[in-house]
Amino acid sequence: MPVPAAVRARCRALLPAGQDIRYIFPALSVGPPGMAAFLVVVTDRTISVLSTELFDRDVPSAVYATHARRTRLGPVEFSAGAVIELGGMVLEVEEEYGAVVLAADAEVFAPETLPPDPLPHL
């Protein structure tokens, strides 16, 4: 399920100006800092982990952590749900977003494996 445009706009408001959002996916921490909801935003320059409002996972409230764009998000472990590790955090993502994680990594580490953009004008 794609992230709605309203959520993308809220995320964009927390990022430095001029960054191009490439991917966004929701995640739930399953280790430190405890059970918390986040939105992971991959831009052309960084990977940002945004904390969300306590009772509304679609409302990002602050930048929790920022990583270099060359940080790997995968591999995705599918043993007990889809899980990734990012900056020492263990994050559970819905299985449908496993492909998003893999695409974000491929864009940086194996761009030749990506299919051509079917809508390059958008």
Side-chain angles (χ1 to χ4, degrees):
M1 167 197 309
V3 174
V7 175
R8 295 177 75 80
R10 291 181 198 125
C11 291
R12 186 173 287 110
L14 293 172
L15 300 174
Q19 291 199 20
D20 179 34
I21 294 176
R22 307 290 297 155
Y23 306 95
I24 298 177
F25 58 92
L28 186 65
S29 68
V30 292
M35 182 89 44
F38 295 97
L39 289 166
V40 178
V41 182
V42 179
T43 73
D44 56 333
R45 299 181 204 159
T46 63
I47 299 171
S48 296
V49 180
L50 306 181
S51 56
T52 62
E53 294 290 331
L54 185 60
F55 296 108
D56 193 345
R57 295 179 179 186
D58 287 339
V59 179
S61 56
V63 177
Y64 181 82
T66 301
H67 305 278
R69 179 60 182 100
R70 292 200 53 84
T71 303
R72 263 191 205 279
L73 293 166
V76 180
E77 299 292 330
F78 287 101
S79 57
V83 176
I84 63 171
E85 187 174 331
L86 178 60
M89 294 175 64
V90 177
L91 299 170
E92 184 176 321
V93 298
E94 293 178 31
E95 287 188 17
E96 67 189 79
Y97 289 105
V100 173
V101 171
L102 297 176
D105 279 352
E107 187 175 86
V108 172
F109 301 103
E112 69 281 359
T113 66
L114 291 172
D117 187 348
L119 303 169
H121 58 284
L122 293 181

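If you're wondering where the values come from, they're calculated on a predicted model, not measured in any experiment.
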- line: Between P60 and L50, the two heavy atoms sitting closest are CB-CD1, 4.0 Å
query: Can you name the ring-ring contact (aromatic ring centres under 6.0 Å, His included) partners of F25, sequence neighbours left out?
result: none
query: Which salt bridge (Lys or Arg N to Asp or Glu O under 4.0 Å) pairs, counting each pair once, include a residue from residues 64-74, with sequence neighbours left out?
result: R69-E107
task: Taking side-chain contact (heavy atoms from CB on, under 4.5 Å) as the test, write out the residues that go with A110, two or more places apart.
output: E112, T113
query: Are any side-chain N or O atoms of D20 and backbone N or O atoms of T43, one a donor and one an acceptor, separated by less than 3.5 Å?
result: no
query: Under 4.5 Å between any side-chain heavy atoms of I47 and L73, yes or no?
result: yes
field: Atom pair CD/CG of Q19 and L14 - distance to nearest 0.5 Å
entry: 11.5 Å
- request: Check A103 against Y23 and note the closest heavy-atom contact, atom names and distance.
  value: O-OH, 3.6 Å
field: Minimum-distance pair of heavy atoms, taken over all atoms of L39 and C11
entry: CD1-SG, 3.8 Å
message: A65: which residues meet the side-chain contact (heavy atoms from CB on, under 4.5 Å) condition with it, sequence neighbours left out?
response: V49, H67
message: Surrounding CZ of F55 (heavy atoms of other residues, nucleotides or ligands, distance under 6.0 Å), is the total greater than 12?
response: no
- request: Could you tell me whether the side chain of R57 and the main chain of F38 form a donor-acceptor pair under 3.5 Å?
  value: no
Single-linkage hydrophobic cluster V3~I84, side-chain heavy atoms < 4.5 angstrom: yes
field: Straight-line distance of Y64 OH to T52 OG1, nearest 0.5 Å
entry: 12.0 Å
- prompt: Can you get from V76 to V42 by hopping between Ile, Leu, Val, Met, Phe, Trp and Tyr side chains that sit under 4.5 Å apart?
  reply: yes
Co-members of the apolar cluster containing V30 [side chain, <4.5 Å]: V83, V90
- prompt: Got V40 and I24 here, is their nearest side-chain heavy-atom distance under 4.5 Å?
  reply: no
query: Under 4.5 Å between side-chain heavy atoms, hopping through other hydrophobics if needed: is there a path connecting V59 to L54?
result: no
statement: Taking every heavy atom of A17 against every heavy atom of R45, the minimum-distance pair comes out as O-NH1, 4.1 Å
- prompt: What is the minimum heavy-atom distance between A27 and V93, and which atoms define it?
  reply: CB-CG1, 3.9 Å
message: Under the rule for side-chain contact (heavy atoms from CB on, under 4.5 Å), what residues qualify as partners of T66, not counting sequence neighbours?
response: T46, S48, V63
query: Where do S29 and L91 come nearest, in terms of heavy atoms and distance?
result: CA-CD2, 3.8 Å
